[in-house]
Amino acid sequence: MERFTLSTDQYGEIGFGCLVDAENRLVASAFGPSLKIVKAHLANYSKKIGGEPMPTDRPITHEMIRLYNGEDVTRAISFNTDHVSKFQRQVYRVLERIPKGKVTTYGRISKHLGSAPRAVGGAVASNPWPLFVPCERVVNFDLTIGNYGLCGNLGPAGTITKQALLERERVPILENRIDKKAVWDPSRDNR
DNA sequence: GGACCCAGAATAA
DNA sequence: TTATTCTGGGTCC
């Protein structure tokens with residue numbers, strides 16, 4: 001049984017939480033409409049991968065709130081990737097390269113990786129590090145916002161949250177649709 | 001292996 | 001523009 005620390009924070013109505021391992025690597029993060037939901041979600045995740053969370057305070061949730069507000073983190077975050085598949089890691093590596101203020105589509109990522117859009121959708125949906133890995137920057141082929149899961153729950157609240165996040169990152173949005181100018185292609189820009 | 005899942009894409013109207 | 005159909009690939013048992 002691995003030991004993790006669970007730190008949580010409240011910012012306005014929103015609850016934030018981070019699961020961190022003994023080496024100070026981020027195992028998972030979550031945010032949602034209440035602290036209770038976030039705690040339950042992370043406790044459940046921890047159980048799934050065979051860990052035991054101990055509550056503590058860590059400044060990492062402050063970094064999370066910065067990201068939520070469309071700001072940058074103040075230090076490098078290292079991730080514990082032990083519990084995600086190889087394919088997921090490939091997808092997340094692409095997500096991390098999406099510049100702030102830009103978006104890409106499931107189809108573009110799948111073409112870049114030689115995979116299928118729905119498979120990418122599945123991988124993005126199971127992103128353990130929302131906000132730290134910017135899964136909100138992936139939208140539908142037709143540039144509508146698409147879905148966003150809050151603690152694993154899909155629904156209108158997720159889409160509203162996703163749009164708000166993108167707006168704070170200064171992604172141009174015209175009537176529920178991303179401006180074409182903001183589209184970034186993983187195959188064209190190999191920084 | 002095989003069944004089932006997916007936060008998509010393409011097509012038709 | 002919406003509704004329907006078709007996908008391929010990943011994951012879990």
Side-chain angles (χ1 to χ4, degrees), chain A residues 2 14-17 19 26-34 37-38 40-42 44-51 64 67-68 70 79-169 171-180 182-188:
Chain A
E2 247 185 297
I14 315 290
F16 294 85
L19 211 53
L26 188 62
V27 178
S29 61
F31 71 112
S34 84
I37 293 172
V38 170
H41 176 76
L42 287 175
N44 189 41
Y45 183 80
S46 174
K47 202 171 118 187
K48 204 177 81 182
I49 61 176
M64 211 179 164
L67 290 166
Y68 178 77
F79 298 99
N80 178 335
T81 58
D82 295 351
H83 307 97
V84 301
S85 71
K86 200 171 142 194
F87 178 70
Q88 282 173 292
R89 274 198 285 266
Q90 282 184 296
V91 173
Y92 303 149
R93 214 171 298 146
V94 176
L95 299 194
E96 288 182 293
R97 286 172 39 223
I98 307 173
K100 194 160 101 177
K102 300 276 179 187
V103 298
T104 192
T105 65
Y106 298 97
R108 282 184 164 83
I109 295 175
S110 68
K111 201 172 281 179
H112 180 64
L113 295 177
S115 172
R118 303 201 73 162
V120 173
V124 176
S126 48
N127 172 21
W129 311 287
L131 295 178
F132 293 101
V133 171
C135 52
E136 75 277 8
R137 293 179 197 157
V138 191
V139 299
N140 293 338
F141 180 81
D142 63 3
L143 299 186
T144 52
I145 304 288
N147 289 310
Y148 192 74
L150 288 174
C151 295
N153 300 315
L154 289 177
T159 306
I160 293 165
T161 307
K162 185 172 179 179
Q163 177 159 354
L165 284 171
L166 293 173
E167 282 169 351
R168 283 195 288 270
E169 295 182 356
V171 173
I173 300 173
L174 312 162
E175 307 198 15
N176 303 326
R177 210 174 276 254
I178 310 286
D179 191 329
K180 262 192 291 197
V183 176
W184 173 87
D185 192 329
S187 303
R188 284 244 294 272

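Checking dG10(C), dA7(B), dT11(C) against every side-chain atom of Tyr106(A), the shortest atom distance belongs to dA7(B). Residue Ser85(A) has its side chain nearest to dT11(C) when only dT11(C), dC6(C), dA7(B) are considered. Checking dA9(B), dC6(C), dG10(C) against every side-chain atom of Pro117(A), the shortest atom distance belongs to dA9(B). For Arg177(A), the listed nucleotide lying nearest its side chain is dT1(C); candidates were dA7(B), dG8(C), dT1(C).
Distance His83(A) NE2 to dC12(C) P: 13 Å, rounded to the nearest Å. Ile109(A) has its CD1 atom 10 Å from the P atom of dA9(B), to the nearest Å. For the pair Gln88(A) CD and dC5(B) C1', the interatomic distance rounds to 14 Å; values are reported in whole Å. To the nearest angstrom, P of dA7(B) lies 11 Å from NZ of Lys162(A). Counting to the nearest Å, the P atom of dT11(C) and the CD atom of Gln90(A) are 10 Å from each other. If you measure from atom CD1 of Ile160(A) to atom C1' of dA7(B), you get 16 Å, rounded to the nearest angstrom. Between the NZ atom of Lys86(A) and the C1' atom of dT11(C) there is a distance of 16 Å, rounded to whole Å. Residue Arg89(A) contributes atom CZ, which lies 11 Å from atom P of dT11(C) at whole-angstrom precision.
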Apply side chain to side chain contact (heavy atoms under 4.5 Å, CB included) to Arg108(A) and Val183(A), showing your working.
-> CA-CA 10 Å; Arg108(A) 282 184 164 83; Val183(A) 176; 3.5 Å; yes

Test Arg89(A) against Arg93(A) for side chain to side chain contact (heavy atoms under 4.5 Å, CB included), laying out the working first.
-> CA-CA 6 Å; Arg89(A) 274 198 285 266; Arg93(A) 214 171 298 146; 4.3 Å; yes

Audit row: Ser126(A), Gln88(A), side chain to side chain contact (heavy atoms under 4.5 Å, CB included) steps and yes/no | CA-CA 8 Å; Ser126(A) 48; Gln88(A) 282 173 292; 3.0 Å; yes

So Trp129(A) and Thr81(A), side chain to side chain contact (heavy atoms under 4.5 Å, CB included) or not? Walk me through it.
-> CA-CA 10 Å; Trp129(A) 311 287; Thr81(A) 58; 3.9 Å; yes

Cut-off 3.5 Å, no hydrogens considered: what does the side-chain donor-acceptor table look like for residues 145-158 of chain A, sequence neighbours left out?
none

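Within the 4.0 angstrom heavy-atom criterion, only backbone atoms of the sugar-phosphate kind lie near Phe87(A); the bases stay farther away.
Within residues 123-153 of chain A, no residue has any heavy atom under 4.0 Å from DNA chain C.
Residue Arg97(A) holds its CZ atom at 10.0 Å from CD1 of Ile109(A), rounded to the nearest 0.5 Å.
Classification of the Phe31(A)-Phe16(A) ring pair by plane angle, with boundaries at 30° and 60°, yields parallel.
A pairwise comparison of heavy atoms in Lys162(A) and Val138(A) identifies NZ-O, 2.7 Å as the closest pair.
Within the structure, every side-chain polar atom (N or O) of Thr159(A) is placed at least 4.0 Å from both OP1 and OP2 of dA7(B).
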Both distances under 3.5 Å, Watson-Crick or G-U wobble: on that basis, could you give the dot-bracket string for DNA chain C, with [ ] for crossing pairs and | for other-strand partners?
-> ||||||.||||||

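For NZ of Lys100(A), the number of neighbouring non-hydrogen atoms (other residues, nucleotides, ligands) closer than 6.0 Å is greater than 12.
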